[in-house]
S.K.: 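Quick one: the structure is below, questions incoming.
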Amino acid sequence: SAVISQKPSRDICQRGTSLTIQCQVDSQVTMMFWYRQQPGQSLTLIATANQGSEATYESGFVIDKFPISRPNLTFSTLTVSNMSPEDSSIYLCSVERGASYNEQFFGPGTRLTVL
Amino acid sequence: GQQVMQIPQYQHVQEGEDFTTYCNSSTTLSNIQWYKQRPGGHPVFLIQLVKSGEVKKQKRLTFQFGEAKKNSSLHITATQTTDVGTYFCAALRGAGSYQLTFGKGTKLSVIP
């Protein structure tokens, strides 16, 4: 299994500001995923981040709002830009186990509150 | 896009009772995965089912994949307080896809 860390674990931000969330994996992985989970809700995929290429965004999510970096095979960042209270949520990164295994390992999440 | 419907949304059981959550799709699934999320925690992978009619067991947990590969279930025998959490099913979007579509989850409460 992969060990995944996220920073920050939580933050309270003012509307109109931006927050960058970091995701670090203890091994090299091809695919990383960013999800949003609103309180009591399911997981919604924001984008898929592959090293060396532009992230692929899901319907309803755009790069200007959620820019993603993937500089190497162990690290990715998600920025939540120009935040509003509606962006308050838990943001999770995950990685696929790889080698024909499809299960995903999740980071501990970043709890974001926008005032 | 592909949707995975999961029921019930909530389930309250007395400790020692059994629990089942169901996952259904209108389309044939290549596989189905199950995750558990403890309160305040992150989703943790439990199991993956791939074959039609497949049944897998993990101690008190029994996972089934329907013959038509359109439905799945997770059954817990004799629940314990440690089983508390939300159980999600998730399915790959299609052959060759790496993205998962998650069900809405079933939140299990166990009354001691």
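So that the names make sense, note that chain A is the first sequence line, chain B the second, and so on, each numbered from 1.
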S.K.: Flag yes if A:Phe33 and A:Val25 sit in one hydrophobic cluster, no otherwise; membership is Ile, Leu, Val, Met, Phe, Trp, Tyr, and two members link when side-chain heavy atoms are under 4.5 Å apart.
M.R.: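 Per the 4.5 Å side-chain linkage, A:Phe33 and A:Val25 are not co-clustered.
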
S.K.: Around B:Lys69, counting heavy atoms of other residues, nucleotides and ligands shown, do more than 12 lie under 6.0 Å from its NZ?
M.R.: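 Buried by this count: over 12 neighbours within 6.0 Å.
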
S.K.: Could you measure the distance from the OG1 atom of B:Thr101 to the CG atom of A:Leu43? Nearest 0.5 Å is fine.
M.R.: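 Separation between the atoms: 11.5 Å.
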
S.K.: Hey, any chance A:Met31 and A:Phe66 share a hydrophobic cluster, counting ILVMFWY side chains that come within less than 4.5 Å of each other, even indirectly?
M.R.: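 No, because A:Met31 and A:Phe66 fall into different hydrophobic clusters, even though each may have its own neighbours under 4.5 Å.
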
S.K.: Any chain of hydrophobic side-chain contacts (each under 4.5 Å) joining B:Phe88 to B:Val44?
M.R.: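 Each belongs to a different hydrophobic cluster.
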
S.K.: Tell me, side chain or backbone of A:Tyr35 under 4.5 Å from chain B's heavy atoms, or both, or neither?
M.R.: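 For A:Tyr35, the contact with chain B is made by the side chain alone.
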
S.K.: Can you measure from CD (A:Gln104) to CD (B:Gln48) and round to the nearest 0.5 angstrom?
M.R.: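 The CD atom of B:Gln48 is 10.5 Å from CD of A:Gln104, to the nearest 0.5 Å.
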
S.K.: May I ask you to list the residues in residues 105-112 of chain B that approach chain A closer than 4.5 angstrom, counting heavy atoms only, ordered by number?
M.R.: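 Checking residues 105-112 of chain B against chain A gives no residue, so none.
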
S.K.: Got more than 12 heavy atoms from elsewhere within 6.0 Å of CD, B:Gln80?
M.R.: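 Atom CD in B:Gln80 is packed in, count exceeds 12.
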
S.K.: For the atom pair CD (A:Gln41) and OG1 (B:Thr86), what is the distance rounded to the nearest 0.5 Å?
M.R.: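 Output value for this atom pair is 10.5 Å.
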
S.K.: Using heavy-atom distances under 4.5 Å, tell me whether A:Phe106 contacts chain B through its side chain, its backbone, both, or neither.
M.R.: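 The answer is both parts of A:Phe106.
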
S.K.: Atom CG in B:Leu92, atom CD in A:Glu103: separation rounded to 0.5 Å?
M.R.: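 The CD atom of A:Glu103 is 10.0 Å from CG of B:Leu92, to the nearest 0.5 Å.
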
S.K.: Near A:Phe75 CZ, under 6.0 Å, is it more than 12 heavy atoms from other residues, nucleotides or ligands?
M.R.: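 Yes, CZ of A:Phe75 has more than 12 neighbouring heavy atoms, counting only those of other groups under 6.0 Å.
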
S.K.: Using the test side-chain contact (heavy atoms from CB on, under 4.5 Å), find all partners of A:Arg111 that sit at least two apart in sequence or belong to another chain.
M.R.: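 With neighbours one apart ignored, the set is A:Arg10, A:Ile90.
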
S.K.: Hydrophobic cluster membership, with links at side-chain heavy-atom distances under 4.5 Å among I/L/V/M/F/W/Y: are A:Ile63 and A:Tyr91 in one?
M.R.: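 Yes: a chain of side-chain contacts under 4.5 Å links A:Ile63 to A:Tyr91.
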
S.K.: Applying a strict under-4.5 Å side-chain criterion to I, L, V, M, F, W and Y, I'd like to know whether A:Leu112 and A:Leu92 cluster together.
M.R.: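 No, A:Leu112 and A:Leu92 fall in different hydrophobic clusters.
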
S.K.: With a strict 4.5 Å heavy-atom criterion, list every residue of residues 30-42 of chain B that contacts chain A, or say none.
M.R.: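 The stretch touches chain A at B:Asn31, B:Gln33, B:Tyr35, B:Gln37, B:His42.
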
S.K.: Kindly give the heavy-atom pair with the smallest separation between B:Gly103 and A:Ser42, and that separation in Å.
M.R.: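 Heavy atoms only, the tightest pair is O-OG, 2.6 Å.
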
S.K.: Please flag which part of B:Tyr98 lies under 4.5 Å from any non-hydrogen atom of chain A: side chain, backbone, both or neither.
M.R.: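 Contact with chain A is through both the backbone and side chain of B:Tyr98.
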
S.K.: Which residues end up grouped with B:Ile7 if you chain together Ile, Leu, Val, Met, Phe, Trp and Tyr wherever their side-chain heavy atoms are less than 4.5 Å apart?
M.R.: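 Same cluster as B:Ile7: B:Tyr22.
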
